[in-house]
Amino acid sequence: MLGMPRLPRSFFARPTLTVARELLGQRLVRLAGRRLSGLIIETEAYIGQTDLACHARFGRTPRTEVLFGAPGHAYVYFTYGMHWMLNVVTEPAGFPAAVLIRAIVPVEGEVVMRARRRAGAASAGRRPVPPARLTDGPAKLAQALGIDGSLNGHDLCARGARLFVERAPPMADQLVEVGPRIGLNNTPEPWKSVAWNFRTHIIEGA
DNA sequence: CGCCAGATCCACT
DNA sequence: GTGGATCTGGCGG
């Protein structure tokens, strides 16, 4: 459990679609008080200034500085007035691209994740939430893992990192579904429909 | 289960 | 001023 190697910077320095695909099945780890982790089951690629859904489409700005930086760093941004999104910067420095982590399945620290989710969401009388449902959206997993703007620019490959990805068995092609990215309602074609979303629903059963 | 409205604030043309 | 890489609760089938 604790001995698995972390994904090195060379993993993230590759083409974004490759990184997005290969992140499936890998273990996202967050050290926050205790160790929290989950297997990545959905990712999405945002690639360069020509991708009109990518935040870097307007070029270098204070917000996109991290995207233009070195691979293996977290790009965390705030949206919809209340949600944080976790991305991992890809490709060599100078080329703005990243992979959005859209969903994980809790492995360690489910109790803590549940508590963090409850703290942020209004909870009246409701049925128990299945583990996989705690982190099945980008804003939900960020909240469950305690990820916010303070982690923007965090180096996932640095010694002492409090957020990183550990190596796990690769996911077979037959378990991977490829489709269009989610939530790009106002993005022009072809960017709105390109199949840059990668996911699996196999792990959710466990 | 699907559809819809509302929440709430930041970055940008 | 506008719209967003979202989530939730409420309502209808």
Side-chain angles (χ1 to χ4, degrees), chain A residues 12 16-17 19-21 23-24 28 38 40-69 71 73-91 95-106 113-154 163 177-199 201 204:
Chain A
F12 301 105
T16 307
L17 291 175
V19 177
R21 163 64 182 83
L23 275 175
L24 292 180
L28 180 66
I40 297 171
I41 61 168
E42 184 177 3
T43 62
E44 218 160 68
Y46 290 85
I47 313 176
Q49 301 189 55
T50 58
D51 174 5
L52 296 185
C54 182
H55 286 171
R57 64 187 178 282
F58 298 132
R60 253 183 145 111
T61 67
R63 183 206 213 184
T64 62
E65 198 57 35
V66 175
L67 277 176
F68 281 85
H73 290 250
Y75 169 52
V76 182
Y77 73 91
F78 185 71
T79 191
Y80 287 107
M82 63 189 82
H83 298 305
W84 294 101
M85 303 283 161
L86 171 65
N87 299 251
V88 182
V89 175
T90 57
E91 316 247 4
F95 186 88
V99 171
L100 170 69
I101 309 300
R102 287 195 56 90
I104 66 174
V105 173
M113 295 186 205
R114 191 176 298 278
R116 284 187 176 282
R117 285 287 298 149
R118 229 189 308 268
S123 64
R126 59 181 187 187
R127 296 174 312 181
V129 181
R133 301 297 301 282
L134 292 171
T135 52
D136 63 352
K140 293 170 74 174
L141 75 87
Q143 184 180 36
L145 296 179
I147 292 169
D148 62 21
S150 67
L151 282 169
N152 188 39
H154 191 73
L163 178 68
E177 290 181 31
V178 183
R181 293 178 291 184
I182 308 300
L184 306 186
N185 297 313
N186 210 300
T187 300
E189 299 290 0
W191 311 113
K192 177 178 178 178
S193 301
V194 290
W196 289 356
N197 174 285
F198 301 84
R199 68 191 180 97
H201 48 76
E204 286 190 40

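Proteins get letters first, then strands, A, B, ... in listed order; numbering begins at 1 in each. Remember, it's a predicted structure, so these values are computed and weren't measured experimentally.
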Distance in angstrom units between [X] [atom1] and [N] [atom2], rounded:
X      : N     : atom1 : atom2 : result
A/L141 : C/dC7 : CG    : P     : 8 Å
A/E44  : C/dT6 : CD    : P     : 7 Å
A/H55  : C/dG3 : NE2   : C1'   : 11 Å
A/L184 : C/dT6 : CG    : C1'   : 12 Å
A/L100 : C/dT6 : CG    : C1'   : 11 Å
A/N185 : C/dA5 : CG    : C1'   : 10 Å
A/Y46  : C/dG4 : OH    : C1'   : 11 Å
A/N197 : C/dA5 : CG    : P     : 14 Å

Under 4.0 angstrom, heavy atoms only, what part of the nucleic acid is [X] near: base, sugar-phosphate, or nothing?
X      : value
A/F58  : sugar-phosphate
A/M85  : sugar-phosphate
A/R63  : sugar-phosphate
A/A139 : sugar-phosphate

Using modelled atom types and a 3.5 Å cut-off, is there a donor and acceptor pairing between side-chain atoms of A/R57 and backbone atoms of A/C54?
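Side chain of A/R57 to backbone of A/C54, a donor-acceptor pair under 3.5 Å: yes, one is there.
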
Nearest to the side chain of [X], which nucleotide is it out of [options]?
X     : options              : value
A/M82 : B/dC12, C/dA5, B/dT8 : B/dT8
A/T79 : C/dC7, C/dG4, B/dC12 : C/dG4
A/H83 : C/dT6, C/dA5, B/dC12 : C/dT6

I need the single residue from A/R102, A/R21, A/K140 that forms a salt bridge (Lys or Arg N to Asp or Glu O under 4.0 Å) with A/E42. Which is it?
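Only one of A/R102, A/R21, A/K140 forms a salt bridge (Lys or Arg N to Asp or Glu O under 4.0 Å) with A/E42, namely A/R102.
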
Would you mind pulling out the nucleotide paired to C/dG9, Watson-Crick or G-U wobble, both distances under 3.5 Å?
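In the structure as shown, C/dG9 has B/dC4 as its Watson-Crick or wobble partner.
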
Side-chain N or O of A/N186 closer than 4.0 Å to phosphate OP1/OP2 of C/dG4:
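It does, given that an N or O in the side chain of A/N186 lies less than 4.0 Å from OP1 or OP2 of C/dG4.
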
Establish, with yes or no, whether the OP1 or OP2 oxygen of B/dT13 is under 4.0 angstrom from a side-chain nitrogen or oxygen of A/R57.
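The answer is no; no side-chain N or O of A/R57 sits under 4.0 Å from OP1 or OP2.
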
C/dA5 base to A/Y77 side chain: any donor-acceptor pair below 3.5 Å?
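Counting by modelled atom types and ignoring angles, a donor-acceptor contact under 3.5 Å is found here.
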
Cation-pi check for A/Y46 against A/R181: NZ or CZ below 6.0 Å from the six-membered ring centre and within 45 degrees of the axis, yes or no?
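That pair qualifies as a cation-pi contact.
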
If you take all heavy atoms of A/G69 and A/V89, which pair is closest and at what distance?
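Residues A/G69 and A/V89, closest heavy atoms: O-CG1, 3.9 Å.
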
What are the two closest heavy atoms between A/A103 and A/L141, and how far apart are they?
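Distance-wise, the nearest heavy atoms are N-CD2, 3.6 Å.
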
